[in-house]
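Reading through the structure tokens given below for one structure.
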Amino acid sequence: MATSFSSAIDVNYTKFSHSFTHPKKLPTKRFKISCNVTDPQKQNPSLAEQLKPLSNTTLSDGPKKDTQFKSRPKSTWVNPARRKPSVLNLQRHKKASYEYSPEIRDLKLFTKKLNQCDGSEEAFLAVLDEIPKLPTRENALLVLNGLKDWEKAVLFFDWLKARKLFPIETIFYNVVMKCLRFGRQFGVVEDLANEMIDNEVELDNITYSTIISCAKKCGLSDKAVEWFERMYKTGLMPDEVTYSTVLDVYAKLGKVEEAMSLYERGRASGWEPDSIAFSVLGRMYGEAGDYDGIRFVLQEMKALGVRPNLVLYNTLLEALGKAGKPGLARSLFEDMIDLGITPDAKTLTALLKIYGKKRWAQDALELWGRMKANAWPMDFFLYNTLLNMCADLGLEEEAEGLFKEMKGLQNFRPDSWSYTAMLNIYGSGGNVDKALELFEEMAKSNVSLNVMGCTCLIQCLGRAKKIDDLVRVYEFAMARGVRPDDKLCGCLLSVATYFEGEDLDRVLNCLEQASPKLFAFIKLLDEEDTVYGSVKETFKSILNNTAVEARRPFCNCLIDICRKRNLQERAHELLYIGSEHGLYPGLHTKTSEEWCLNVRSLSVGAAQTAFEEWVESLTKIVERKEALPELLSANTGAGTHKYSQGLANSFDLHVKEIAAPFTQSEDKAGLFVATKEDIISWVQSKSPAVAVVA
DNA sequence: CTAGGGTTAG
């Protein structure tokens, strides 16, 4: 079992073991805090002290049957109607289930009545008064368990307490708390917990894990941590459920160090993490995009011989998607299949997302084929994920087929996600007519246009220079309450570079609605008396208020707009500010043999601007007779996307325009090279004075 | 199914 998923883990493990910060070395802040809250009156040992004897005695060798984790107490539930059957009884009354016991059936009916009655206290108590006979402890639990509304559970619980029919034990509180958690009533849960303390009713691991998970569900992480620390204060050791619950609290807070610290302490105390704990950790590392962390989880699972189940595989695949690692995801998936686990829709969704995002077309299509061949389960998410995958891979025909299939399904229709994926496909493929057709179809089928669909349409209509349709779609979206986001603003900015004159003004009008600040900035750039300081200040403020992924597109587009309006100086200023802001990491790289200008992430205008700047600085170096490397190169990239291929071509034109001595490499499209000699003689030819001095 | 923990869209 452990060996079958080893193939995924063993990849490059040596490298991994060097780069991963082992949890043992992590700070233990969390535990210092839990020590600080120790009640001075009780003088209980700190967690570390509590765990010490355990780690010395139970960690290393041999069977650990004496630790509490092996023998967790089972539910104390007793079904009053199901007595331990004798062998004879078993033979004769095989079907004698409690459902047919009249007493239980009555109780169930009574519970149903309680569930159905009016929510008011009076109505509930009125029904409660009709109870056939005063309940025993077990019957009371049966009723309590069957109540759905937390208000009713609390009323019934109060009624039980007032009647004093039997002592109210921990289990009663636990059952009520579970119900309160469902109703997200942390305040009431906390009151009950304090009541338990006051009444000296024992709080056990079930109580604590319910309190903690309730706080978590209510988004009160600080309360969750607080109650975990209170638990330590009492000297109660967490069991495996409490561990996973608290690990999840830290994981959802993104507190990786705290989670790992707890993990390590738990391990030292003899806790054996199970698939749920690993699922929590895997998800946490996925959210952090931490590949080494995910491999640590896989390694630990292997070392402990934990056999992953479907949910754990799904979580790990999802995490690998977030970390952007298709290779490990693929081998993990194959391990899962080899183990005989049938993937569900979530598994396939996770995997297809990775393949699509990473443009692993072959693997994506192969998997899609296997899905059909094996009739693996499909659901709504999976259909839309397949459509998105088609968009990522540019599979227009496949998407059309799938979309048609979706329209014929019984259970659901294509929704705005599905339409958005199709708009994305038509938009990036430049298929304006089909995109517009889809837009009309959405209105007819009552599917609302979301902001991404709107962005895809605007992009597409902009490229096709269909200004009337563009404005119409934009106004439609705004009227339907679509709220422009940074991506839509970036799209409008990029579209603005396709238009001139009156049409440009119409695009800018749209932009003004979406972002008055951006619109004002464009006006500012246009004004002659604008000083650099105010450009810088305004632009920095805009960038800081923009989603990270939209910052570089903003800068690129604004530079393009400046160049279109012959504001070259402004274009250089924006590039400078953008570089200072870290938008173009790795733009310049230098080795002793070669200096390289990497413009792959720049727009046409930004690339030209960067190139001009570079050439200017090379010229100065030649003029000052400073050292140059043998080779100089500018890289535009070949462009894997349909619309990014333009960069190499326009760059080529620009190079020729300014007669720079760079030539495009024949082996590698988008790579422009010049030798040191080329540059020197070119500079000298431009300014003969330099040649004379030389 | 019987008191507590983990997974799904740009």
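In what follows, every chain begins at residue 1, and chains take the letters A, B, ... in the order their sequences are listed. FYI, side chains are in, hydrogens and waters are out, and symmetry mates aren't considered; it's all heavy atoms of this structure.
When heavy atoms are screened at a 4.0 angstrom cut-off, A:T242 is found touching base atoms of the nucleic acid. As judged by a 4.0 angstrom heavy-atom cut-off over every strand, A:D274 is placed among the base-contacting residues. In this structure, A:L247 reaches neither bases nor backbone, as no heavy-atom distance under 4.0 Å exists between it and the strands shown. Within the nucleic acid shown, A:S275 comes within 4.0 Å of at least one base atom, counting heavy atoms only. Contact annotation for A:S209: base contact, defined as any heavy-atom pair under 4.0 Å involving a base atom. Residue-level contact check: A:D485 touches neither bases nor backbone, having no heavy atom under 4.0 Å from any strand. When heavy atoms are screened at a 4.0 angstrom cut-off, A:T455 is found touching no nucleic acid atom at all. Residue A:G356 is out of contact with every strand shown, counting any heavy-atom pair closer than 4.0 Å. Looking at heavy-atom distances under 4.0 Å, A:F380 makes contact with a base. Using a 4.0 Å heavy-atom distance criterion, A:T210 is classed as a sugar-phosphate-only contact. A:T385 comes within 4.0 angstrom of no nucleic acid atom, judged by non-hydrogen atoms across all strands.
An OP1 or OP2 oxygen of B:dG6 is reached within less than 4.0 angstrom by no side-chain nitrogen or oxygen of A:R283. At the phosphate of B:dT7, OP1 or OP2 sits under 4.0 Å from a side-chain N or O atom of A:K252. For A:R181, a side-chain nitrogen or oxygen approaches OP1 or OP2 of B:dG5 to under 4.0 Å. For B:dG4, one of the phosphate oxygens OP1 or OP2 lies less than 4.0 angstrom from a side-chain nitrogen or oxygen of A:K178.
Between the P atoms of B:dT2 and B:dG6, the separation comes to 14 Å (whole Å). Rounded to whole Å, the P atom of B:dG5 lies 15 Å from the corresponding atom of B:dC1.
The distance between atom NZ of A:K217 and atom P of B:dG5, rounded to the nearest whole Å, is 9 Å. Note: CG (A:L281) to P (B:dG5) measures 17 Å, nearest angstrom. Put simply, NZ on A:K322 is 9 Å from C1' on B:dT8, counting in whole angstrom units. Here the C1' atom of nucleotide B:dG4 and the CE atom of A:M196 are 12 Å apart, to the nearest Å. Across the protein-nucleic acid pair, A:L386 atom CG and B:dT8 atom C1' stand 13 Å apart, rounded to whole Å. At whole-Å resolution of the value, CG in A:L141 and P in B:dC1 are 20 Å apart. Rounded to an integer number of Å, the gap from CG of A:N450 to P of B:dA9 is 15 Å. Note: CG (A:L192) to C1' (B:dG4) measures 16 Å, nearest angstrom.
Closest approach of A:P484 and A:V451 over heavy atoms only: CA-CG2, 4.3 Å. The shortest heavy-atom contact between A:K152 and A:L147 is O-CD1, 3.8 Å.
A cation-pi arrangement is absent between A:K178 and A:F182 under the rule of less than 6.0 angstrom and at most 45 degrees off the ring axis. In this structure, A:R230 fails the cation-pi test against A:Y232, since its NZ or CZ atom is not both closer than 6.0 Å to the six-membered ring centre and inside 45 degrees of the ring normal.
At least one side-chain heavy atom of A:M237 sits under 4.5 Å from a side-chain heavy atom of A:S269.
Looking at the side chain of A:V241, the nearest of the listed nucleotides B:dT7, B:dG5, B:dT8 is B:dG5. For A:D248, taking side-chain heavy atoms from C-beta onward, the closest of the listed nucleotides B:dA9, B:dA3, B:dG6 is B:dG6. Side chain of A:V280, nearest nucleotide from B:dG6, B:dT7, B:dG5: B:dG6. The side chain of A:I206 sits closest to B:dA3 out of B:dT8, B:dG6, B:dA3.
Taken to the nearest 0.5 Å, the CG atom of A:L332 stands 6.0 Å off from the CG atom of A:L316. To the nearest 0.5 Å, atoms OG (A:S279) and CG (A:D248) are separated by 8.5 Å.
In terms of polar N and O atoms assigned as donor or acceptor, the side chain of A:N388 never comes within less than 3.5 Å of the base of B:dA9 in a complementary pairing. Remark: the A:D204 side chain and the B:dG4 base include no donor-acceptor N/O pair separated by less than 3.5 Å. With hydrogens and angles ignored, a donor-acceptor pair closer than 3.5 Å exists between the side chain of A:N309 and the base of B:dG6.
Ring stacking is absent between A:Y208 and B:dG4, as the pair misses the limits of under 5.5 Å between centres and under 30 degrees between planes.
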